**Student:** 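Structure in structure tokens, see below.
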Protein chains: 2
Amino acid sequence: MSINELPLLEGARVPLASDPLTEIEAAALAHVFKALADPVRLRLFSLIASRAGGEASVLDLAAHFDVTQPTISHHLKVLRESGLIDSERRGTSIYSRVRPQALAQLAMLLMPGEAAS
Amino acid sequence: MSINELPLLEGARVPLASDPLTEIEAAALAHVFKALADPVRLRLFSLIASRAGGEASVLDLAAHFDVTQPTISHHLKVLRESGLIDSERRGTSIYSRVRPQALAQLAMLLMPGEAAS
DNA sequence: CCTGAATATTGACTGAAGTCAATAAGAAGA
DNA sequence: TCTTCTTATTGACTTCAGTCAATATTCAGG
């Protein structure tokens with residue numbers, strides 16, 4: 001379930017506070033927030049985003065953490081499946097980059113008065 | 001741990017994608033996102049926010065869900081302790097309202113290029 | 001005070017999620 | 001193809017989080 005598939009985001013109309021969320025919408029949104037609700041994933045995300053070039057390999061990223069490489073792979077998968085990052089294989093490494101639309105969509109959802117079509 | 005105590009939000013300077021989060025910052029932020037990472041809490045939040053008058057009692061809210069009243073109380077507590085809502089007792093009921101600053105702060109964090117002091 | 005109404009707390013259960021060690025899979029180079 | 005480097009998957013363990021039933025707390029009215 002990726003952020004792209006959120007029905008309320010496709011219409012880009014409903015900030016969180018202007019209309020009650022349906023159960024479906026809430027479940028989809030919760031899934032995205034859950035992806036951001038882990039310290040390691042948040043640091044991964046901001047590490048990737050603030051890299052010169054905007055991308056980083058798994059081992060590059062793993063070097064910044066105390067957890068093992070499989071754990072980093074797991075967290076990247078969660079971010080990827082939520083539509084927050086993209087990954088591209090080049091040679092033997094896999095480079096991840098953030099999807100700028102993702103953050104913008106979330107921000108629009110939170111920000112009252114930003115609901116443009 | 002409330003959203004007000006986030007060090008990076010007090011300075012209001014760092015969008016998520018411009019600088020790597022420290023472990024401390026990431027832990028604090030994750031705590032806030034975790035509060036939004038549940039379908040019931042998301043619906044509670046948007047229900048309260050979209051109410052005429054901007055507030056609702058626990059029983060009012062509970063009527064919209066399949067879960068029990070203690071569960072609603074629990075979720076409201078989580079939202080309150082994350083700084084996303086405020087609660088005020090009036091008579092025998094307790095009315096919750098959203099804290100508008102909370103959403104705005106989060107949105108600023110996500111939105112690139114919105115970092116004003 | 002006693003009763004009734006609204007909300008909170010406690011304790012227990014259950015399923016989800018983060019982590020690791022071990023191993024597999026994919027790609028590049030000799 | 002064999003080896004090495006990088007990443008992914010599997011299975012097990014453990015902690016955390018959502019939920020409920022039962023009970024406690026707080027307040028208003030009579």
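Each chain gets a letter, A, B and so on, in the order its sequence line appears, and its residues count up from 1. Remember, predicted model here, so these are calculated numbers, not experimental data. The figures here come from the full heavy-atom set of this structure, side chains too, leaving out hydrogens, waters and symmetry mates.
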**Student:** Please find the earliest and latest nucleotides of DNA chain C, in the 5' to 3' direction, that have an atom within less than 4.0 Å of any heavy atom of chain A.
**Tutor:**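 Nucleotide range with atoms under 4.0 Å of chain A: C:dA17 to C:dA28.
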
**Student:** Is it the case that the side chain of A:Ser46 and the backbone of B:Leu21 share a donor-acceptor pair, with hydrogens and angles ignored and the cut-off at 3.5 Å?
**Tutor:** yes

**Student:** Specify the separation, in whole Å, of atom CD1 of A:Ile94 and atom P of D:dT9.
**Tutor:**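 Rounded to the whole Å, the gap is 9 Å.
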
**Student:** Between A:Ser93 and A:Thr71, which has a closest nucleotide on DNA chain D that is more 5'?
**Tutor:** A:Ser93

**Student:** Does any N or O in the side chain of A:Arg41 come within less than 3.5 Å of the main-chain N or O of A:Leu36, such that one atom is a donor and the other an acceptor?
**Tutor:**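 A pair under 3.5 Å: no.
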
**Student:** Between protein and nucleotides 22-29 of chain D, map the contacts as a letter string: B base, S sugar-phosphate only, - none, heavy atoms under 4.0 Å, written 5' to 3'.
**Tutor:** B---SSS-

**Student:** Can you tell me if A:Lys77 touches the phosphate of D:dT9, counting only side-chain N or O atoms and a distance under 4.0 Å to OP1 or OP2?
**Tutor:** yes

**Student:** Within the side chain of B:Arg99, is there an N or O that forms a donor-acceptor pair under 3.5 Å with the backbone of B:Ile85?
**Tutor:** no

**Student:** Hey, does B:His74 reach any base, or is it just sugar-phosphate, or nothing, if we go heavy atoms under 4.0 Å?
**Tutor:**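 Base, at least one base heavy atom under 4.0 Å.
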
**Student:** Rounded to the nearest Å, what distance is computed from the CD1 atom of residue B:Ile72 to the P atom of nucleotide D:dT19?
**Tutor:**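 Spelled out: CD1 on B:Ile72 to P on D:dT19 is 8 Å.
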
**Student:** Kindly indicate, with the supporting measurements, whether the criterion side chain to side chain donor-acceptor pair (under 3.5 Å) is fulfilled by A:Ser50 and B:Ser18.
**Tutor:** CA-CA 5 Å; A:Ser50 56; B:Ser18 78; over 6 Å; no

**Student:** Let me know which of B:Leu61, B:Leu42, B:Asp38 forms a side-chain contact (heavy atoms from CB on, under 4.5 Å) with B:His75.
**Tutor:** B:Asp38

**Student:** Which heavy atom of B:Ser87 sits nearest a heavy atom of B:Arg80, and at what distance?
**Tutor:** OG-NE, 3.0 Å

**Student:** Verify side chain to side chain contact (heavy atoms under 4.5 Å, CB included) between B:Thr71 and B:Phe65, making sure each step is shown before the conclusion.
**Tutor:** CA-CA 10 Å; B:Thr71 298; B:Phe65 297 85; over 6 Å; no

**Student:** Short question: side chain of B:His31, backbone of B:Ala27 - any donor-acceptor pair under 3.5 Å?
**Tutor:** no

